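To start, the structure under review is shown below, and the notes come after it.
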Amino acid sequence: MQTFSGLVSILTVFLWLGGNLVSPLRPICDLRVLDHFVREARDSEVIMRGCRGGCGVMKSYFVPLTSVDFAVWEHMDVTGQAVEVQTGLSLLDQALSNAMKTVSNSPLTSALDNNISNIHSLGQILHSLDLQQARSTVLPDDSAPASAQTQEVSSLPELLQVQSSFLRGKVRLLLSAAPACQRQNS
Amino acid sequence: MAKMRSDRLKIVFVLCLAFVSIGGQHFESKVAQLLRDESEDIKCFVEVKDLTCFWEEERNSLPDQYTFTYSYENKIKDCVVSSLSLLASNKTVFFCKLPKTPFFTTLDVKVSRDRRMLYSRSLNAENFMFLDPPRNLTVLSSGKEGQLNVSWLPPLLKYMDDSMIYEVRYAEEGSNMGKVEVIKVSTMLVLLGLQSDTRYKVWVRVKPDGVAYKGYWSAWTEPVLGVTQPSELDPLIMLLVLFIGLILCLLSMTVILSHQKFLLKKLWPDIPTPERKFPGLFTVYKGDFKEWMSQNNSSMWGRSVHVFTEELPSPLEVLSEVSLSSHGTSQREERKPVEEDEEKESERSDSGLPDRWREPPQAHWLMEQLRTLQENPQPLSQSLLPQSHDTYVTLNQNSQGDGVREVDDVFEETLPLQTLFTTAGTPSLNTSHSDLGSLQQSSGSGRLSSQSSFEYPNHTWPPKGPGYAYMAVADSGVSMDYSPMSSSRIVELGRHRMYTNDYKNEIFLHKWPLSGEHTKSGSDFCMGPIW
């Protein structure tokens with residue numbers, strides 16, 4: 001019994017260390033990385049406009065809200081902003097993955113694949129800025145009802161437009177105002 | 001207290017007015033610019049953080065008549081329409097400024113009047129940024145030549161400092177041709193490659209870079225003047241250049257002076273003169289060739305001849321002569337190869353032909369002698385005929401007394417030298433006979449053998465005395481014939497202007513006063529035994 005509790009305590013210690021002693025990533029404050037992702041999202045929209053055949057089916061996707069009211073946004077704290085961004089990125093990730101299954105056009109497929117990997121990279125960037133929130137807020141499946149933070153789109157072009165707007169808006173505002181980067185500049 | 005309060009209120013009011021007017025100025029100018037450039041029915045732009053959409057309508061309508069709605073993310077909202085009169089273009093526009101503009105989402109804008117939709121447009125607000133021009137533009141001359149430091153402040157706008165792109169325009173003061181430099185994010189620039197000590201005007205404008213935000217170019221700032229530094233090295237360079245130039249000049253002068261003669265000779269060569277060959281001709285005798293000749297000896301003559309002809313003169317053998325004192329007929333048969341025209345001309349020029357001819361006082365006597373000879377042709381011919389087989393020439397002498405000058409001339413030319421050719425001997429006899437015959441024939445006329453030359457086809461010969469005939473001989477050596485004319489000479493004796501026969505008989509030298517120089521010239525002239 002005592003050995004078991006000792007092992008458990010040692011394991012807990014290790015877990016705690018594992019949780020906290022992960023070497024912090026250097027904050028990625030250069031917004032040119034995000035600009036690169038934004039350009040690639042725009043490229044997907046262009047490819048979508050020029051796609052003839054095998055361009056996906058009409059399907060509803062749950063995507064984040066992209067509108068930004070500056071007055072409201074400025075009054076929101078960073079955490080709240082981070083949550084919104086993280087949620088939205090997850091939603092986009094899911095939607096794009098679902099859309100890719102219905103697309104057979106190879107340029108579009110590769111573009112969508114690129115966008116998905118970019119979203120994953122953004123997650124890493126947020127992590128480097130200490131802005132990554134727990135993933136519990138991510139909705140488990142598509143069938144979940146639309147919350148206040150989501151909207152529904154019915155086609156892939158709309159989905160890509162939402163992705164583009166989201167990256168240019170909320171994600172960028174968050175990254176540009178990230179405290180970790182402000183501390184670096186000051 | 002009340003007075004103070006009212007004063008404060010007034011100040012605040014004035015400030016507000018000023019602020020609004022300044023803002024209004026920017027707003028109006030933007031509206032005016034978009035009215036010109038934009039082609040959509042509803043023109044929209046974002047100034048600072050609010051989207052403004054406007055449209056142009058007739059003056060009669062009122063703002064209240066219009067309904068402006070915009071929708072996004074399943075929400076529909078209204079906006080109050082206002083009117084604005086543009087003083088510059090004398091136009092009226094209706095506009096609506098969205099109070100809380102949603103960015104990064106698609107907006108659907110609709111304008112309707114009397115429940116009838118007029119215009120509609122779908123747009124994203126972040127794509128229509130219309131920024132104010134940059135602030136605090138300053139132009140300073142940097143420490144280096146041809147450079148200017150330009151710096152400014154970005155327009156007041158949050159979140160966009162790192163996504164702005166600037167355009168700097170600069171031109172010389174007074175010139176319209178300007179250059180443009182584009183610079184991203186940074187708010188200062190160093191202009192390079194400018195002229196020194198020149199005034200430049202600089203303008204700047206701004207635009208979103210197009211990644212996160214898009215929009216129109218802002219208006220240009222007011223121009224700011226800057227002066228580049230004057231060129232510092234100019235006086236030094238000028239001095240150095242002058243100094244080096246001076247040294248080079250001195251060097252070249254020295255070289256020229258030291259080689260003056262050589263250079264002159266090369267640049268201005270002397271015209272060659274024949275003075276060297278004729279010593280004293282021009283200096284002592286002043287070009288009088290005759291005089292000069294008289295002073296020179298035979299070697300000079302021979303040398304002169306050698307200059308002009310390639311041949312050596314050959315001696316002339318006189319076989320028989322008509323002697324004035326001996327009463328015998330004499331027949332001169334000389335050997336004389338025929339010459340070329342050129343040589344004869346040259347010899348003529350050398351010998352001063354015209355000068356030699358002088359009418360002997362006893363020409364008539366000579367004719368008598370010849371007649372005597374003709375009466376006894378045979379024995380004379382036999383005796384007189386040369387035994388050799390050389391070429392012989394008989395000379396017909398002319399009496400000056402004839403007076404039919406022209407006919408004589410013609411006849412002279414038609415009866416040139418009659419050449420006797422010896423082939424086997426007999427023909428020569430024949431020819432000699434014929435010659436004698438011709439002598440007979442011609443004696444009456446008393447022709448002088450022609451002195452016709454190439455140059456004087458119609459020339460009246462100067463008086464030719466019958467007492468002498470001049471013949472200048474130059475043996476052509478192996479070949480007599482080196483021109484096409486020479487063969488005709490032999491064949492066509494009747495042709496004129498071939499020969500120049502200058503023969504000067506020594507006999508007459510004793511009798512007639514001849515120019516002395518001819519007697520002294522050596523081997524060219526016939527010298528034969530006096531019969």
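Throughout, a chain's letter reflects where its sequence line sits, starting with A, and its residues are numbered from 1. These figures come from a predicted structure and were not determined experimentally.
- Heavy-atom distances place both the backbone and the side chain of B:Phe103 under 4.5 Å from chain A.
- Ring geometry for B:Phe130 against B:Tyr216 counts as tilted: the plane angle lies between 30° and 60°, on a 0 to 90° scale.
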- Item | Working for disulfide (SG to SG under 2.5 Å), residues B:Cys96 and B:Cys53 | CA-CA 5 Å; B:Cys96 180; B:Cys53 291; over 6 Å; no
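- Comparing A:Gly169, A:Ala71, A:Ser165, A:Ser67 by heavy-atom pairs within less than 4.5 Å of chain B, the highest count is held by A:Ser67.
- The aromatic rings of B:Phe45 and B:Phe54 lie perpendicular to each other, with more than 60° between the two planes, well past the 30° mark.
- The most heavy-atom pairs under 4.5 Å with chain B, out of A:Val72, A:Leu34, A:Val68, A:Asp69, come from A:Val68.
- At a 4.5 Å heavy-atom cutoff, B:Asn74 makes no contact with chain A through either its backbone or its side chain.
- The side chain to side chain contact (heavy atoms under 4.5 Å, CB included) test with A:Ser164 is passed by exactly one of A:Glu40, A:Arg39, A:Glu45: A:Glu45.
- A:Ser97 OG to A:Tyr61 OH: the interatomic distance, rounded to the nearest 0.5 Å, is 10.5 Å.
- Per-residue counts of heavy-atom pairs under 4.5 Å with chain B were compared for A:Val38, A:Leu31, A:Val162, A:Asp35; the largest is that of A:Asp35.
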